[in-house]
Trainee: 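Dropping the structure in here first, questions after.
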Amino acid sequence: MSPVPAPPAEEVVFQLYARIAWYGFRRHSAYRAAAVAGAFTNSVFGILRAYVLIALWQARPGLAGYDMTDAITFCFLTQGMIGPMQLFGGGIGLAERLRTGDAAIDLLRPASLLAWSLADDLGRAAYLLLWRSVPPMLLGAALFGITVPTAPGTWAAVAASLVLGVMVSFGLRYLVALSACWILDDRGVAQLALVLSLFFSGMVVPLNIVPGWLGELANALPWAAMVQVPADVYLGKIAVAEALAFQAGWAAVILALGALLTGAARRKVVIQGG
């Protein structure tokens, strides 16, 4: 019998990270009650935000190029993105493992720490997309009525935009977690990142209504790729190619920076002997 040829290296790597993503999905599925509670909280706050936006759009119809239905849809879209995009930070656990020294085991794995963590986070985001994003959208549709794309191409663009948004979100959170290699306590950096994430992502208000140079800056920063851009792709307010290029560019820059800092962190851990 002739030996069975080994699969190509690229296929092996793909299978490895696909399995890690599946394990991430399954691990977070163990906390279903927490996901349901999060979906309920997001839905309640979505209703409150919707009434605020209704009052604003009644006073300023057509603000930021949105009509009333667009504004309400944006509200429940952003509420649904809280979980998958991990807008309140965390979701990786790397900082704690760095403090305890368990990250040494991660660095010994025959796989990239960055890619391993990213695959795990994509699995987490996929699970939370089902359990924390869909319920607020359904509630918003039932209570207020929301915009629903009908073209299959739009849904494909939204899916691609969500994946790229999660990658940008992961990259930013990974950099925050990795800062624990150089500072004793990363909580200050995490709090700063939280404030930047909530405002510059479009979670608080649509970035399109922010005036002047601040609005232009907010729309150019990477946080916009997490909420504002996916929402605009869903609503058809931005060219798909432009949106995906913007997100992919920031994802590439941030992940490349993460790879460089991971190498620096690895050398630092070896020098410290811990």
Side-chain angles (χ1 to χ4, degrees), residues 28-29 31-91 124-150 154-155 157-159 161-162 165-166 169 173 191 193-211 215 218-219 223-238:
H28 284 84
S29 69
Y31 305 100
R32 188 168 300 174
V36 171
F40 175 78
T41 303
N42 293 345
S43 299
V44 171
F45 278 95
I47 294 172
L48 298 177
R49 288 184 62 211
Y51 280 114
V52 173
L53 293 180
I54 288 172
L56 177 59
W57 257 260
Q58 285 177 341
R60 296 285 302 277
L63 184 63
Y66 295 171
D67 60 23
M68 182 75 74
T69 303
D70 290 338
I72 293 172
T73 303
F74 182 91
C75 169
F76 286 98
L77 277 171
T78 55
Q79 289 298 124
M81 291 182 196
I82 290 175
M85 299 299 172
Q86 204 72 28
L87 292 176
F88 289 94
R124 173 204 61 79
Y127 175 76
L128 293 181
L129 181 67
L130 296 176
W131 283 92
R132 289 191 60 175
S133 299
V134 174
M137 292 293 293
L138 293 177
L139 183 63
L143 295 180
F144 301 95
I146 63 173
T147 299
V148 179
T150 56
T154 302
W155 285 108
V158 170
S161 183
L162 287 173
V166 171
S169 169
R173 288 179 285 117
Q191 289 300 314
L194 170 62
V195 173
L196 294 173
S197 174
L198 290 179
F199 180 78
F200 286 109
S201 67
M203 178 64 213
V204 178
V205 294
L207 298 180
N208 299 335
I209 72 173
V210 180
N219 278 290
W223 292 279
M226 296 162 51
V227 173
Q228 183 68 51
V229 172
D232 279 344
V233 169
Y234 180 94
L235 293 169
K237 302 297 183 180
I238 189 173

Trainee: Which heavy-atom pair separates Y127 from R32 by the least distance, and what is that distance?
Mentor: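 Where Y127 meets R32 most closely, the heavy atoms are OH-CA, 3.4 Å.
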Trainee: Which atom names give the shortest non-hydrogen contact between W223 and S197, and what distance separates them?
Mentor: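 Looking at all heavy atoms of both residues, the closest pair is CD1-CA, 3.5 Å.
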Trainee: Is there a side-chain contact between Q228 and M203 (heavy atoms, below 4.5 Å)?
Mentor: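 Counting from C-beta outward, Q228 and M203 never come under 4.5 Å.
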Trainee: Taking the side chain from R132 and the backbone from G80, do they hold a donor-acceptor pair closer than 3.5 Å?
Mentor: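 Judged by distance alone, no pair lies under 3.5 Å.
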Trainee: Once rounded to the nearest 0.5 Å, what's the spacing between atom OG of S169 and atom CE of M85?
Mentor: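 So the gap between those two atoms works out to 7.0 Å.
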Trainee: Rounded at 0.5 Å granularity, tell me how far CG in N208 sits from CG in L63.
Mentor: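 Between atom CG of N208 and atom CG of L63 there are 9.0 Å.
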Trainee: Do L139 and L143 have side-chain heavy atoms sitting under 4.5 Å apart?
Mentor: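 Yes, close enough: below the 4.5 Å cut-off.
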Trainee: So, Q86 versus R173: side-chain donor-acceptor pair below 3.5 Å or not?
Mentor: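 Not at all, the side chains of Q86 and R173 share no donor-acceptor pair under 3.5 Å.
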Trainee: Under 4.5 Å between any side-chain heavy atoms of T78 and V204, yes or no?
Mentor: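 They are not in contact (no side-chain heavy atoms under 4.5 Å apart), so the answer is no.
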Trainee: Counting C-beta onward and ignoring hydrogens, is there a side-chain heavy-atom pair between F88 and L198 closer than 4.5 Å?
Mentor: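 F88 vs L198: side chains touch.
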Trainee: Measuring from F76:CZ to S133:OG, what's the distance to the nearest 0.5 Å?
Mentor: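 Rounded to the nearest 0.5 Å, the CZ-OG separation comes out at 13.5 Å.
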Trainee: Which value, rounded to the nearest 0.5 Å, describes the distance between T69 atom OG1 and F74 atom CZ?
Mentor: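 Atom-to-atom, T69:OG1 and F74:CZ are 15.0 Å apart.
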Trainee: So which heavy atom on S201 is nearest to which on V227, and how close?
Mentor: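 In this case the closest contact between S201 and V227 is O-CB, 3.1 Å.
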Trainee: Under 4.5 Å between any side-chain heavy atoms of S43 and Q79, yes or no?
Mentor: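 No - every pair of side-chain heavy atoms lies 4.5 Å or more apart.
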Trainee: Taking all heavy atoms of I72 and all of G145, pick out the closest pair and write down the distance.
Mentor: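 Taking every non-hydrogen atom into account, CG2-O, 4.1 Å.
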Trainee: Answer whether the closest heavy-atom distance between the side chains of I146 and V148 falls below 4.5 Å.
Mentor: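 Yes, close enough: below the 4.5 Å cut-off.
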Trainee: Does the side chain of Y234 come under 3.5 Å of the side chain of D70 through a donor N or O and an acceptor N or O?
Mentor: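 The criterion, which ignores hydrogens and geometry beyond distance, is not satisfied for D70 and Y234.
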Trainee: Between T73, D232, L53, T147, which is the residue that forms a side chain to side chain contact (heavy atoms under 4.5 Å, CB included) with Y66?
Mentor: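 Testing each of T73, D232, L53, T147 against Y66, the sole residue satisfying side chain to side chain contact (heavy atoms under 4.5 Å, CB included) is D232.
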Trainee: Taking G65's backbone N and O only, do any of them form a donor-acceptor pair with K237's side chain (distance below 3.5 Å, no angle check)?
Mentor: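 Pair found, side chain donor or acceptor close to backbone of G65.
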Trainee: I need the minimum non-hydrogen distance between P230 and A224, along with the two atoms involved.
Mentor: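 Result for this residue pair: CD-O, 4.2 Å.
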Trainee: Counting C-beta onward and ignoring hydrogens, is there a side-chain heavy-atom pair between V229 and S161 closer than 4.5 Å?
Mentor: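 The answer is yes; the side chains approach within 4.5 Å.
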Trainee: Closest approach of L87 and M226, non-hydrogen atoms and distance?
Mentor: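 Shortest heavy-atom separation between L87 and M226 comes out as CD2-CE, 3.3 Å.
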Trainee: Contact between I47 and F144 at the side-chain level, heavy atoms closer than 4.5 Å - yes or no?
Mentor: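 Yes, close enough: below the 4.5 Å cut-off.
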Trainee: Rounded at 0.5 Å granularity, tell me how far CG in L56 sits from CZ in R49.
Mentor: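 Reported to 0.5 Å precision, the distance equals 11.5 Å.
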